[in-house]
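Notes follow the structure.
We count ligands from 1, going down the list as the structure has it; atoms in each ligand are counted the same way. This structure is a prediction, so every number in the text was calculated from the model and none was measured. Side-chain atoms are counted along with the backbone in the values below, which use heavy atoms only and exclude waters and symmetry mates.
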Amino acid sequence: MAKKTENQILVIFGASGDLTARKLVPALFNLFVSENLPKNFVVLGASRSDMSDEDFRKRVVTESKYLKDKREELNTNDLEKFANCFYYHDLGGSYDTDYSNLKKRIEDLKSKHNTSGNIIYYLSTPPSLYETIAQNLADAGMSTQKNGWKRMIVEKPFGYSLETAKELNNGLQKHFEEHQIYRIDHYLGKETVQNLLVTRFANSIFEPLWNRNYIHHVEITNAEDGGVEKRGGYYDKSGALRDMFQNHLLQIVSLIIMEPPISDAPEDIRDEKVKALRSLQIMKDEKTLFNNTIRAQYMPSTIDGEKVKGYREEEGVAEDSTTETYAAVKFFVDNWRWQGVPFYVRTAKRMPTKVTEVVIHFKTPHHQIFQDSGMSSKDNKLIIRIQPDEGILIKFGVKVPGQGFKVERANLDFYYADLAETNVMEAYERLLLDAMQGDATLYARADEVEAAWAFVDPILDYWANGKDVRMYGYAAGVWGPENADDLIEGVGFWRNPGPELTDEPGYCVLC
Ligand code: BG6
């Protein structure tokens, strides 16, 4: 049975920004359509722009381009009902101000809509404002849980390094308790990412093999065909390692390497994830960092007859930028289960296609009976497709009909699209609903975030200050720099996947 969602108010700081219209409101729209919003519910957008309630409704609901197709799902009455949930409060020129007016506005809305004292504060502002907002809320007596719970959702980036992440955690924890803080990572809202837990712990056929005795190496690819689009200014200060690897990809890694939790209770799962992240072998010396990391930047190119800009030509990007748009890292996990198993993880923009997948490569059988089978180059693989064409593929050997024992690889596949349950929630929809219900399982805890930064920090430091550090180039639209496979030397090559799960590797778009 679906959990009950208590009446509440959602206050969005930074509500005039793109995220509110692009992600949050469409997620709320879906929750409205599926009748998952609480009975009494309002959204109060707060930011520094001068807007009326009506302006805000137009901007994020009735005239929003992000709801263009969705609006047709509702009749006029229901659309109006949804739009009427939205209110706006102008904070004046600064987020660092006295919040008593905001408090009064919330009190008024609470009485008018009977929403009770439950409040979620969603911080969709630059991270430099998080602590200021938390402090002003606390100073105005708006973090107290005496008259209803208070929760705070914070967007990434959560820190810029281990030190800044710790400062941020300490700063927020001065005003809110850890259990009130929800650090969002939208990858955890993806069904296929959550399914990593189910694949591992709801089956008995994978877990016995899920260790160094049977797994040869693990490969994770996160590729995007798009470039930095309009976010050059932000991205140039961030780069692929901070933007994708430290958060989304290390979250996926933690779900792959973690030990079985005692139960599916949020803290049981999060405890195991922290342990997993803490067991990543931190690379300390320059030689190790040189040998195990590759960074690169996309260069101008022509894709499908169209000229595509190089990274340094993008708006907001410095002409001599050394920010990586491609990051590949090889690492090990220092624990009993994973000792000696290499992990290869890469993320990049301007690749041939958009795809995220995990590939578990199994060892070849301990004793080769079929000497001439040609199977040694055809290891068993478990391919977990996070997106798109979501599903799971197992590659296994079958006998080629005829004399002798030649082996070929066959596919055993499952697709999410084949499931009868068609209402798959989008990431933000799922995560918002979880926060509304007080379920923090899919949110990152302070120690998780810090453990991830502890692993990433030395790489960033090496890339910024290392002696022999290199920045490679790759033409927009190819699978990274030419030497990308060097990282996997002796093991093989990256599996360069196509848009469909069963596409054979090597897919690329030819100009
Ligand atoms: C965001 C990054 O967190 O994730 C973006 O900031 C990236 O740079 C995006 O494009 C990718 O998300 P998804 O869900 O499209 O894979």
On a heavy-atom basis, which atom in I257 and which in W338 lie closest, and how many Å separate them?
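I257 and W338 have their closest heavy atoms at O-NE1, 3.1 Å.
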
Using the side chain to side chain donor-acceptor pair (under 3.5 Å) criterion, which residues pair with N222? Sequence neighbours excluded.
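Partners of N222 under the side chain to side chain donor-acceptor pair (under 3.5 Å) test: Y187, T347, T356.
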
OH-CG distance between Y443 and D434, expressed to the nearest 0.5 angstrom
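With rounding to 0.5 Å, OH (Y443) is 6.5 Å from CG (D434).
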
Output the distance between atom CZ (F86) and atom CZ (R59), rounded to the nearest 0.5 Å.
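Between atom CZ of F86 and atom CZ of R59 there are 13.5 Å.
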
Among protein heavy atoms, which lies nearest [atom], and at what distance?
atom                    : result
atom 14 (O) of ligand 1 : K190 NZ, 2.6 Å
atom 16 (O) of ligand 1 : Y187 OH, 2.4 Å
atom 12 (O) of ligand 1 : H186 NE2, 3.1 Å
atom 15 (O) of ligand 1 : K354 NZ, 2.7 Å

Can you list the ligand 1 atoms lying under 4.0 Å from a non-hydrogen atom of [X]?
X    : result
K156 : 1 (C), 2 (C), 3 (O), 6 (O)
K349 : 5 (C), 7 (C), 8 (O), 10 (O)
H248 : 1 (C), 3 (O), 4 (O)
M244 : 2 (C), 4 (O), 7 (C)

Of the listed options E229, E224, R231, closest to atom 11 (C) of ligand 1 (non-hydrogen atoms):
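The nearest heavy atom belongs to E224.
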
Considering T347, T356, V355, D243 one by one, which has a heavy atom nearer to atom 6 (O) of ligand 1 than any of the others?
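Nearest option to atom 6 (O) of ligand 1, by heavy atoms: D243.
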
Compute the centroid of each ring, for H361 and then for H217, and state whether the two points are separated by less than 6.0 Å.
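Judged by ring-centre distance (under 6.0 Å), H361 and H217 do meet the cut-off.
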
When the aromatic ring centroids of F331 and F455 are compared, is their separation below 6.0 Å?
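Ring centres of F455 and F331 closer than 6.0 Å.
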
Classify the side-chain pair N30/Y428 by whether it contains a donor and acceptor separated by less than 3.5 Å.
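Absent: no donor and acceptor within the cut-off.
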
Below the 3.5 angstrom mark, is there an N/O of Q387, backbone or side chain, next to an N/O of ligand 1?
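Yes: some nitrogen or oxygen of Q387 is under 3.5 Å from one in ligand 1.
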
Charged N-O contact under 4.0 Å between R385 and E390:
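Result for this pair is no, no salt bridge flagged.
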
Classify the contact between Y235 and ligand 1 as side chain, backbone, both or neither, using a heavy-atom distance cut-off of under 4.0 Å.
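Y235 to ligand 1: no contact under 4.0 Å from either part.
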
